[in-house]
Novice: 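Take this structure first; my questions come after.
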Amino acid sequence: MPLALLVILDGLRRDAVSPERTPNLWRLRQRGTCFPAYRSMFPSATRVVSACTATGCVPASHGLGGNSTALLAENGRLAAWDAGSPAFLPARHTRHGQALFRPTLADRLAPHDGAVIFSNVSPGAALAHDPNRSGRVLHRVLAHRNGVEQAPPSDITLDAAGDARLTERFLEEVFPATGTGPALGVLWLGEPDASQHANPLGSPAAWAAIANADACLGRVMAGADRRRAMGEHVLLLAGSDHGHETVEAVIDVDTELAAAGFAVGDGLVAAANGSSVLVYQAPGTDPTPLLAFLRSRPWAGAVHAGEALVAIGQRPGAEGLVAAITMRRHNGMNEYGIPGMTLVAKPAAGKPDRLGCGQHGGLGAAEQAPVMVIEGPGFAAGAQDHGAAAPIDLAPSILAFLGHGDAGQPMDGAPLQSRPSQEPAA
Ligand SMILES: [Zn+2]
């Protein structure tokens with residue numbers, strides 16, 4: 001039975017990978033193919049990337065537009081939503097008849113030994129892998145198996161110890177002592193993201209979180225090796241969903257909009273996504289004055305509207321989306337010499353933004369430089385594939401390995417196996 005394993009070290013920057021700091025990820029690079037041009041999605045945020053990973057599609061296709069976003073009611077009024085809430089995807093289902101507009105890996109693999117997803121990030125991000133409860137999800141506040149809700153575990157905390165316990169549970173599930181395991185196992189660690197939000201990038205606490213997450217990957221690699229020694233094919237994908245940059249200042253976008261005379265509420269939502277903002281307006285409103293105001297703001301690095309939204313994977317008009325702002329940033333260094341400084345938008349909910357600590361969500365160089373290494377058939381040892389690659393390519397790669405196509409439901413991504421851009425080890 002072939003087995004695909006995906007391990008995400010949430011928030012790990014590509015420039016944090018080294019033989020000393022991440023020995024297991026470094027070892028995996030010698031055994032598999034790495035992707036130096038691998039990018040995140042937009043927004044570069046966990047709930048978005050989780051939905052893109054699960055569906056192989058961009059937000060314009062699957063519909064989960066941001067970590068913070070809006071839902072447009074039938075009466076044309078907007079409601080601001082935190083997509084990290086366990087209530088968000090059920091609310092999307094109530095509104096649209098579907099939580100996501102595209103099938104997930106859990107949906108696709110349900111007839112083929114199924115998928116298990118163990119996630120230690122937000123509940124909404126965990127549920128984005130399987131909102132239809134087609135497979136198995138374990139998270140510290142929610143769990144289900146094959147359509148049945150289960151009591152969540154009581155001992156999984158959002159820290160290195162919780163990640164370690166989740167990893168042990170994951171190994172028991174994907175490598176069962178008896179019986180058949182799943183076709184796909186996804187282990188999505190909460191670190192180093194959680195520690196990087198609370199500590200400066202490059203600080204001892206941030207490096208310790210990276211080391212602990214790398215150790216969790218090492219345990220999965222050992223399990224994969226035991227499975228291969230039994231003659232089974234294993235595809236192991238490991239990396240991160242986005243990077244981090246350092247918060248240089250926090251901008252209260254809602255207060256600025258209100259001061260300029262724009263009525264923030266059920267006709268206008270500015271959803272903070274760290275270093276980006278998604279701006280929604282009720283249908284029938286001329287967006288011209290709003291766009292002109294946003295473009296005049298010194299904290300706005302770029303204001304993407306119309307075709308510029310399409311180019312970053314968003315659908316203009318979806319839930320009333322009129323613009324995405326990427327906050328102003330530069331390549332200067334923080335106190336620990338880690339490059340990438342950004343302004344962020346003050347969040348309505350979710351993780352607090354701490355000055356001098358890590359954040360993400362935009363198109364900044366480090367945010368858009370996550371890690372991906374893939375070991376298994378079609379991925380030569382020590383090779384580098386310099387071609388374009390992103391989280392939407394993971395589901396097609398996993399399905400190709402397992403011998404299942406798109407079953408007539410195409411994805412936006414494409415398999416990464418044996419591409420012409422794969423250069424063998426020197
Ligand atoms: Zn993340």
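Bear in mind the structure is a predicted one, so any value in this text is a computation, not a measurement. Both counts, for ligands and for their atoms, begin at 1 and track the order of listing. Worth knowing before you read on, the calculation uses all heavy atoms, side chains too, and leaves out hydrogens, waters and symmetry mates.
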Novice: Do D155 and R169 pass the side-chain contact (heavy atoms from CB on, under 4.5 Å) test, and can you show the C-alpha distance, the side-chain angles, and the key distance before you say yes or no?
Specialist: CA-CA 11 Å; D155 61 340; R169 299 263 185 95; 2.7 Å; yes
Novice: Are a donor atom and an acceptor atom from the side chains of T46 and H242 found within less than 3.5 Å of each other?
Specialist: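 There is such a pair (donor and acceptor under 3.5 Å, judged by atom type) between the side chains of T46 and H242.
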Novice: Would one find an N, O or S atom of T46, in either backbone or side chain, under 2.8 Å from the Zn ion (ligand 1)?
Specialist: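 So T46 does bind the Zn ion (ligand 1) by this criterion.
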Novice: Do any of the N, O or S atoms of D241 sit under 2.8 Å from the Zn ion (ligand 1)?
Specialist: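 Yes, since at least one N, O or S atom of D241 sits under 2.8 Å from the Zn ion (ligand 1).
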Novice: Would you call the rings of H197 and H244 parallel, tilted or perpendicular, where under 30° means parallel and over 60° means perpendicular?
Specialist: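 Because their plane-to-plane angle is over 60°, the rings of H197 and H244 count as perpendicular.
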Novice: Relative to the ring of F118, is the ring of F170 parallel (under 30°), tilted (30 to 60°) or perpendicular (over 60°)?
Specialist: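 Ring orientation of F170 relative to F118: perpendicular.
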Novice: Measuring from the Zn ion (ligand 1), name the closest N, O or S atom belonging to D10.
Specialist: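 The closest N, O or S atom of D10 to the Zn ion (ligand 1) is OD1.
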Novice: Within the stated cut-off of 2.8 Å, is an N/O/S atom of H360 closer than that to the Zn ion (ligand 1)?
Specialist: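 Here the distance criterion (N, O or S atom, under 2.8 Å) is not met by H360, so no.
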